[in-house]
Amino acid sequence: MARNIASREKDYSQWYLDVIKAAELADYAPVRGCMIIRPDGYALWESIQKHFDEAFKDTGHVNAYFPLLIPISFLEKEAEHVEGFAPECAVVTHAGGEELEEPLVIRPTSETVIGHMYSKWVQSWRDLPILINQWCNVMRWEKRSRLFLRTSEFLWQEGHTAHATREEAVEETLKMLDIYRDIMENILALPVLAGEKSEGERFPGADNTYACETMMSDRKALQAGTSHFLGQNFAKAFDISFQNRDGELEHAWTTSWGVSTRLIGAIVMTHSDDDGLVIPPRVAPVKVVVLPISPDRDLVDSKLMPKSSEIAETLNAILGKRSVKVDTRFHMRPGDRFFANIQKGIPLRLELGEKEYQREVFQAVRRDNGERFDIPWDQAAVKVPEILEDIQHNLYNRALEFRKQNTFKAGNFEEFKDIFAGKGGFVEAFFAGGKEEEKLIKEETGATVRCFPLEREETGTCFFTGKPGAKLAVFAKSY
RNA sequence: CGGGACGUAGCGCAGCCUGGUUAGCGCACUUGACUGGGGGUCAAGGGGUCGGAGGUUCAAAUCCUCUCGUCCCGACCA
């Protein structure tokens, strides 16, 4: 049991912050609401980035960079967009020692500048589609911030595409949602509920918003990624138009989609335990730590270290460069070294002491379940990758099982209220209400519509309004 | 932005109510010894503008005002 981490059961919020602190993922910045992403946190972000970036490029997207500062007038061109984002924008009013003629907004998202540029780049149907992504920081002045989940500045990727037809743009929106789901499930081991957002939760300026919703270990929902079908709203506001095959002028159809450093928060809150961080192997920057351990320095230098380096080299060749680390902190006591590696969330530990050396094995310890067992040296190259895969699947299955255990059905508002008066969780219910009904439900229970899951076509009687033909919604309290 | 809690060494805290020696404790850190397979033992050390600014007072960590920040609960959001 870690002594520097609050119990998850007793104080979930404190536990979350303690895990991040113990794993040295992030720290507070001197500016309110901002955070420092420390090297181990950033390495995790880079690993996440790598998987998404590959998938974007595999589907024909290219990276570019648009500027941090946006003329305030751009934001004002799309009515809903400005209404949604204006309250949380940081604005630059002075530069070069003078007041600016037109204030500049620090981007809260880049639909507007990108729309402005697309209007210049698009003239013909042959110019479409445009499939651009950018990795950058954005700023949204948050009233209440939490490390990784909600900070005033955060890192993300924003994809922005423009298409000749509505069908193609809708297809893109759903394709990216599915890529998100795939990586979250298969790499980050986060079971995802992919679906359509309700009217009240839609992106400002979008016709339709889709999201990947995941359940954290306190049964609250976290929106882990979003994909928006923007219709022709931004195309009209920024005049992204083109001549079609028949020579007629048409507005393009656009999409945007993003995932952020919030995913790190999702990993923390899905997999970690009272001992600290747990990182799924496929996304872990360090997948294996080798721990030579003995009070006898001669033995360490002559036998344990060479063997440790050898296995690290062998495994690095299989698992990828730098994915195996040898812990050489001999000034620390064994217990300290164990705990330090546990709290970092490294999936697998290989201990090598005198006993193991004589028997030509490593003592392996899994981070996900604490199991320990011997791996003979000559089997390590085969066994270790297998075990890492097993850990990966175990983490996913465990999270999925947890979600299933905490997903309930409600046929009427009484049942619904009872669930949220208790432990809460995900509640499936047919819902035909609008913004007003959602608001009432939130006021009374704290829960909101997380999404209308795709792949759940069934309809029924609305649990709240009693209307027939309602779609299936999933409700939860959320971050 | 509303309600609550808090800010004293790197971290966690005591001291404040009732102002008065040189501001203390635990952990961490440094050095040494004994140690060493799940957060050791002993000894000797280093480290503080008591979040900041004003004020009251002979005297402020302590009382008053303002301010900045953090955490929790709400409203708003990736």
Side-chain angles (χ1 to χ4, degrees), chain A residues 1-6 11-18 21-22 24 27-35 83-89 107-109 136-158 180 197 200-204 206 209-214 221-228 256-266 275-276 291-297 299-300 304 330-343 349-357 362-363 365 370 372 439 442-443 446 448 477-479:
Chain A
M1 174 70 76
R3 60 188 183 198
N4 55 344
I5 297 178
D11 190 345
Y12 196 86
S13 300
Q14 192 59 48
W15 167 81
Y16 173 74
L17 295 169
D18 289 347
K21 195 199 264 184
E24 298 178 310
D27 212 336
Y28 291 100
V31 175
R32 173 200 189 90
C34 294
M35 68 173 165
E83 196 186 325
F85 281 109
E88 43 186 316
C89 280
R107 65 178 161 221
T109 178
C136 64
N137 59 341
V138 287
M139 177 158 275
R140 298 177 186 178
W141 213 253
E142 295 293 345
K143 311 270 182 183
R144 189 179 166 202
S145 59
R146 300 191 75 193
L147 294 178
F148 291 117
L149 300 177
R150 189 175 300 102
T151 47
S152 289
E153 181 189 8
F154 59 90
L155 305 184
W156 77 346
Q157 82 26 241
E158 46 179 327
Y180 284 168
K197 292 305 256 185
E201 301 264 329
R202 204 171 283 158
F203 177 78
T209 288
Y210 297 87
C212 290
E213 295 285 334
T214 57
L222 184 77
Q223 180 172 304
T226 48
S227 186
H228 314 293
S256 68
W257 25 274
V259 296
S260 70
T261 35
R262 176 179 264 192
L263 285 171
I264 295 175
D275 286 333
L291 208 77
I293 183 166
S294 168
D296 180 350
R297 276 314 297 250
L299 180 73
V300 167
L304 304 187
F330 295 105
H331 63 280
M332 285 166 71
R333 300 177 50 73
D336 293 329
R337 295 169 75 201
F338 296 146
F339 275 98
N341 287 301
I342 288 170
Q343 301 199 330
R349 196 165 75 237
L350 297 179
E351 298 174 15
L352 180 65
E354 191 172 1
K355 283 177 280 181
E356 286 80 12
Y357 194 88
F362 298 105
Q363 181 166 173
V365 187
R372 54 175 67 231
K439 210 176 152 197
K442 181 168 187 187
E443 272 166 19
T448 51
K477 293 186 184 175
S478 75
Y479 278 98

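Numbered from 1 within each chain, the chains take letters A, B, ... in sequence-line order. What you see is a predicted model; the values in this text were computed from it and never measured.
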Inter-nucleotide [atom1] distance ([N], [M]), Å rounded:
| N | M | atom1 | value |
| --- | --- | --- | --- |
| B:G12 | B:G51 | P | 14 Å |
| B:A60 | B:U22 | P | 13 Å |
| B:G24 | B:U8 | C1' | 10 Å |
| B:A61 | B:C6 | C1' | 15 Å |
| B:A23 | B:A9 | C1' | 11 Å |
| B:A28 | B:C13 | C1' | 14 Å |
| B:U67 | B:G26 | P | 38 Å |
| B:G54 | B:G20 | P | 23 Å |

How long is the gap from NE2 on A:His228 to CZ on A:Arg202, to the nearest 0.5 Å?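 The NE2 atom of A:His228 sits 11.5 Å away from the CZ atom of A:Arg202.
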
From A:Ile5 atom CD1 to A:Gln343 atom CD, the distance as rounded to the nearest 0.5 Å: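 Between atom CD1 of A:Ile5 and atom CD of A:Gln343 there are 4.0 Å.
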
Which nucleotide, in any strand shown, forms a Watson-Crick or G-U wobble pair with [N], with both distances under 3.5 Å?
| N | answer |
| --- | --- |
| B:G74 | B:C1 |
| B:G7 | B:C68 |
| B:G48 | none |
| B:U57 | none |
| B:U41 | B:A33 |
| B:A14 | none |

Between B:G37, B:G38, B:G12, which nucleotide gets closest to the side-chain atoms of A:Lys21?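 Among B:G37, B:G38, B:G12, the one nearest the side chain of A:Lys21 is B:G12.
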
Treating A:Arg262 as the side-chain partner and A:Phe148 as the backbone partner, does any N or O pair qualify as donor plus acceptor under 3.5 Å?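 Such a contact is absent between A:Arg262 side chain and A:Phe148 backbone.
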
Treat primed atoms plus P, OP1 and OP2 as sugar-phosphate and everything else as base, then score nucleotides 72-78 of chain B 5' to 3': B for base contact with protein heavy atoms under 4.0 Å, S for sugar-phosphate contact only, - for none. SBBBSBB

The contact string for nucleotides 28-36 of chain B, one letter per nucleotide 5' to 3', using protein heavy atoms under 4.0 Å with B, S and - for base, sugar-phosphate only and none, comes out as -------BB

Side-chain donor/acceptor of A:Glu354 to base of B:G37, under 3.5 Å: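 Side chain to base: no pair below 3.5 Å.
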
Which pair of heavy atoms, one from A:Ser294 and one from A:Leu304, lies closest together, and at what distance?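 In this case the closest contact between A:Ser294 and A:Leu304 is CB-CD1, 3.6 Å.
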
Does A:Arg107 make a cation-pi contact with A:Trp156 (under 6.0 Å, within 45 degrees of the axis)?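 Output no; distance or angle outside limits.
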
Give a yes/no verdict on a cation-pi contact between A:Arg337 and A:Phe330, requiring under 6.0 Å between NZ or CZ and the six-membered ring centre and an angle within 45° of the axis.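 Yes, A:Arg337 sits over the ring of A:Phe330.
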
Taking side chain as C-beta onward, heavy atoms only, is A:Cys89 less than 4.5 Å from A:Trp141?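 Not in contact.
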
Note, A:Cys136 side chain near A:Glu158 side chain (heavy atom, < 4.5 Å):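 They are in contact (side-chain heavy atoms under 4.5 Å apart), so the answer is yes.
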
What integer distance in Å separates [X]:[atom1] from [N]:[atom2]?
| X | N | atom1 | atom2 | result |
| --- | --- | --- | --- | --- |
| A:Asn341 | B:G37 | CG | P | 16 Å |
| A:Asn4 | B:G10 | CG | P | 18 Å |
| A:Ile342 | B:G39 | CD1 | P | 11 Å |
| A:Tyr16 | B:U70 | OH | C1' | 16 Å |
| A:Arg337 | B:G37 | CZ | P | 12 Å |
| A:Asp336 | B:U41 | CG | C1' | 14 Å |

By the 4.0 Å heavy-atom rule, please label A:Gly353 as base, sugar-phosphate, or nothing.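 Base: the residue A:Gly353, judged by heavy atoms under 4.0 Å, touches a nucleobase.
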
Remember a base hit wins even if backbone is also touched, and classify A:Gln343 as base, sugar-phosphate or nothing at under 4.0 Å, heavy atoms.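 Base contact.
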
Closer to the 5' end of RNA chain B via nearest nucleotide, is it A:Gly33 or A:Gln363?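 Looking at the nearest nucleotide for each, A:Gln363 comes out on the 5' side.
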
May I ask you to check whether A:Phe362 and A:Tyr357 place their ring centers less than 6.0 Å from one another?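 Ring centres of A:Tyr357 and A:Phe362 not closer than 6.0 Å.
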
Quick one: do A:Glu213 and A:Lys197 make a salt bridge, cutoff under 4.0 Å?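 A:Lys197 and A:Glu213: salt-bridged.
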
Taking 4.0 angstrom as the limit, do A:Arg349 and A:Glu351 come out as a salt bridge?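 Yes.
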
